[in-house]
Trainee: 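Sending over a structure as structure tokens; questions will come in a sec.
Read the numbers this way: they start at 1 and go in the same order the structure lists the ligands and their atoms.
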Amino acid sequence: MVNGERLFVFSGEFHYWRYPVPELWKDLLEKIKAAGFNAFSIYNSWAYHEATLGHLDFKSGAHNFTSIMTMAKDLGLYMIIRPGPYVNAESNAGGFPLWLTTGAYGELQTDDPKYTAAWKPYWQKVSELTKPHLITRGGNVILFQIENELGGQWKNITARIGNPPVQNYMQALEDAARDNGIDVPLTHNAPNMFGYSWSKDFSNATGNVDVIGLDSYPSCWSCNLSECTSTNGEYVAYQTADYVGYFGKQSPTQPNFMPEFQGGSYNPWGGPEGGCPNDIGADFANLFYRDLIYQRVTAISLYMAFGGTNWGWLAAPVVASSYDYSSPISENRAIGSKYYETKLLTLFTRTAKDLAKTERLGNGTSYSNNPAITVAELRNPDTNAAFYVSRHAHTPSGSKETFKLSVKTSEGALTIPRNGGAITINGHQSKILVTDFTFGNKTLLYSTAEVLTYAVIDGKETLVMWLPAGETGEFVVKGAKSGKQTPVDGQEIKSASVKFDAGKDSVTVSYTQNAGMTAVDLDDGTRVVLVDRSAAYKFWVPTLSNNPLAPENDTVLVQGPYLVRTAELNQNTKTLELTGDIDSNATAIYVFAPKAASSVSWNGKKLCTVAKNGNLIKAVLRKPTGFQLPSLGPWKSADSLPEISLDYDASSEAWVTANKTTTVSSFKPAANNPVLYVDEYGIHYGSHIYRATFATTSSPPTGVALNITGGMAFGYSVWLNEKYIGSYLGLSYAGTGITDFSFSNATLTTDGKDNVLVVVMDNSGHDQRAAAVNPRGIYNATLAGTSSYTFSSWKIAGTAGRESNIDPVRGPWNEGGLYAERIGAHLPGFPDSNWTALPSAAKTLSVPDAGIKVFRTVVPLHVPAGLDVSISFRLTAPETNSSSTFEPTAPGYSNRLRALLFVNGYQYGRFNPYIGSQIDFPVPPGVLDYDGDNTIAVTVWSQSAEGAEMKVEWNVDYVHATSYDMRFDAAALRPGWEEERLKYA
Ligand code: GAL
């Protein structure tokens with residue numbers, strides 16, 4: 001209940017730190033609002049806000065998340081906030097700052113005082129910033145999640161013997177939140193039904209929260225299905241899970257709350273490109289979200305509503321650059337069938353006030369005359385409205401089934417439909433059919449078509465129902481006696497297929513849904529709009545105020561456009577002002593508006609009404625103009641691996657001497673090795689360059705054995721005395737690479753002078769959960785040969801400024817330690833006048849042998865106002881691996897490379913074609929300058945003596961006409977190069 005009103009919560013998640021352009025957050029939230037969600041949720045990221053120990057940043061660039069809470073209020077969306085401190089989220093170390101991963105903070109996620117002192121400042125600040133935005137203080141934040149999927153609170157669950165370090169930790173987080181003014185209910189999400197919840201209904205143990213939630217990914221959270229078998233069991237498409245039992249046991253007095261329910265799934269390295277939409281598309285949304293209602297869940301948050309991008313090195317090793325997540329809103333801001341299909345249900349749950357209070361009176365196959373169909377009966381005890389959720393009894397089945405349904409109504413028990421025909425479930429589908437459903441002052445006795453929404457316009461009810469085209473529907477409205485079809489713009493159902501049957505105090509309407517939209521007007525003034533699925537997809541219910549409950553007399557109905565964002569009734573001009581987006585087709589727009597609106601405007605322009613019928617107005621919206629990108633280039637290039645030169649002076653501020661001999665980490669380095677774990681030296685992200693020396697006399701060593709951990713998909717390359725001696729190319733599923741390299745290619749000193757070994761490695765991030773403290777870097781480097789030589793010194797170069805976060809706007813994970821990155825060659829304004837120019841038509845970026853080069857070009861963009869042009873980069877190598885077990889044997893493979901794409905200084909793509917398989921990298925406006933010069937930089941690290949080459953192109957994903965100003969001024973997000981950078985050379 002919010003402020004005394006019951007609410008069915010339908011929310012979706014996004015991560016502002018995966019979308020570092022604050023100017024775009026409103027675009028996203030408008031899309032969430034337009035979809036009919038009444039809430040959204042966020043994770044914060046401790047790592048993002050406290051990259052440097054003791055320096056909290058909630059201000060620069062996208063770090064200021066308070067604007068999101070303000071927008072929640074302005075747009076009318078409730079908000080769930082989930083600050084961690086640990087979040088998981090396929091993020092580097094699960095969202096822990098990387099300085100926390102060295103082992104120096106005791107056992108993480110316990111009451112260890114060292115760990116406690118570490119999380120407190122961040123936690124206090126998040127609480128403090130959230131406080132003014134709580135619902136209790138006039139804001140829209142309704143729930144505050146403590147920790148994420150935390151288990152281990154029981155030593156013995158049956159005997160209820162707790163584990164104090166974990167319980168005390170939860171309690172300390174709760175106490176600290178309360179002390180800092182968080183007075184909304186505290187929640188937690190329990191993982192996949194296997195843990196034991198922190199529910200007060202389950203025990204009165206220390207650390208329990210007010211409302212326990214359950215997260216669930218019945219279709220697997222990764223498109224690498226093998227990752228899911230340990231918790232999900234064998235993968236079966238469209239297999240739903242049993243939540244009723246869980247909630248009945250864990251939280252019978254609390255709302256059945258799913259703080260994370262599958263909204264898609266993530267893309268592992270080597271996984272299919274562009275998300276993994278198989279089995280989690282529109283059908284999944286239709287069936288599974290309705291199944292949650294079948295199981296009487298009353299608060300749902302989809303993970304994710306919008307995934308975003310794993311830009312920079314924010315990701316955990318398992319995921320590639322994309323975090324599209326196959327979500328309703330794509331990484332490139334587009335909406336499609338998954339969004340539209342979800343909207344059919346969110347609009348219904350938002351409008352069906354009776355659904356906010358129900359009891360599940362029964363379920364099973366006896367409700368219908370078809371044993372393949374099961375039905376759950378949910379009934380509102382106050383209004384007697386009921387919801388019959390019907391689906392296949394065996395959910396993996398996609399057969400076409402027809403049936404009649406037994407319902408209990410205010411007019412007694414009925415079997416519906418009564419006038420012939422049947423209810424159809426065709427494919428992986430479900431239907432929620434209502435009885436005694438209140439809409440405005442009217443009652444729908446029953447309907448075999450699904451209710452989409454309703455509004456009360458000028459005191460008259462307009463009810464919208466949808467059915468797949470060709471299916472039959474039947475509904476009864478009480479209080480009316482007759483009706484007639486009112487064709488919408490010539491679209492009507494053949495009169496033979498629509499029948500009005502007057503009852504004592506009601507009218508029964510039976511029909512076969514045709515393609516498109518038509519209307520039925522009843523004699524009591526009620527209008528019923530009948531739409532098929534495609535017309536329903538483009539049906540919108542913008543609200544006239546910012547009340548998240550979207551009261552029925554506060555909305556208008558609009559059909560037609562790709563997206564309708566907002567509606568406002570301008571009383572002075574008597575204009576209904578609509579905003580939204582048009583895709584590549586001209587669109588007819590139909591508006592059901594109050595009489596007070598004598599005209600309609602679209603994105604600020606008055607529309608020419610082409611037809612008017614009572615409160616229905618039709619107009620036509622023009623398609624957007626086209627847009628062409630200039631081509632990329634000409635390119636310039638420079639070497640980015642001076643470190644291998646014997647003359648290179650490794651004494652700039654980039655370098656740290658790795659001379660620690662002891663570590664608190666429980667992972668001790670191999671014997672005779674200093675501590676070479678990068679995090680111990682304040683180096684955390686991207687590539688690291690090791691430079692080791694050893695002097696030799698007679699019988700020099702013959703090779704080196706290296707054992708390096710860098711996370712899945714990582715790799716490394718090795719040089720001795722300027723000569724390339726080999727690479728570990730990496731595998732999507734391996735986090736450690738153990739390789740013996742021979743020195744036969746190189747010449748070693750015999751006069752006691754230093755030999756120089758250079759190892760360039762990248763680091764795909766820290767693992768999640770307890771494994772976050774697994775070190776990154778060299779575990780063992782041992783020289784091989786007849787005499788036993790050891791290294792005399794080790795130095796490491798990493799991210800410029802190391803832990804001091806010298807680019808606070810872009811933040812900590814944007815860059816690694818390649819030479820080009822350290823000197824800032826990826827930044828706008830870097831002086832590249834002495835670089836080598838590639839021929840102006842050159843499109844291929846190549847490195848002739850093993851090595852690293854950096855390429856740059858500056859390209860102007862001028863996107864006209866009023867357009868949303870979605871741009872993505874395509875990176876390709878002659879051979880791009882698409883299989884995760886790929887291991888090339890033939891020489892000459894030109895895909896043995898690791899490339900980083902920088903757009904105006906933002907690392908927006910990691911291209912590892914040998915590992916596979918992401919090639920398309922969407923980049924949002926704000927990172928791109930839509931009205932100015934854009935600096936594109938690409939580092940190409942060839943891991944092969946034969947060299948490597950690749951191509952960079954950019955493409956327009958779509959052009960939409962939009963009300964959203966995509967030419968916003970975000971210059972502050974793109975700070976330029978400064979000379980200071982050169983000290984990291
Ligand atoms: C959940 C976790 C999320 C995310 C998700 C998979 O278990 O709470 O943070 O990792 O799995 O995408």
Trainee: Less than 6.0 angstrom from the centroid, inside 45 degrees of the normal: does Arg810 satisfy that with respect to the ring of Tyr906?
Mentor: yes
Trainee: Hey, which residues fall under 4.0 Å of ligand 1 on heavy atoms?
Mentor: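 Residues near ligand 1: Tyr43, Val87, Asn88, Ala89, Glu90, Asn148, Glu149, Asn189, Asp215, Tyr217, Trp221, Glu260, Tyr266, Tyr303, Tyr323, Tyr325.
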Trainee: Tell me every residue that passes ring-ring contact (aromatic ring centres under 6.0 Å, His included) with His63, counting only those two or more places apart in sequence or in another chain.
Mentor: Tyr48, His49
Trainee: If the condition is ring-ring contact (aromatic ring centres under 6.0 Å, His included), which residues does Phe40 pass it with, not counting sequence neighbours?
Mentor: none
Trainee: Listed by chain and number, what are the salt bridge (Lys or Arg N to Asp or Glu O under 4.0 Å) partners of Glu13, not counting sequence neighbours?
Mentor: Arg82
Trainee: Do Thr102 and Val773 touch side chain to side chain, with heavy atoms closer than 4.5 Å?
Mentor: no
Trainee: Measure the acute angle between the ring planes of Phe65 and Tyr16, then classify it against the limits of 30° and 60° as parallel, tilted or perpendicular.
Mentor: parallel
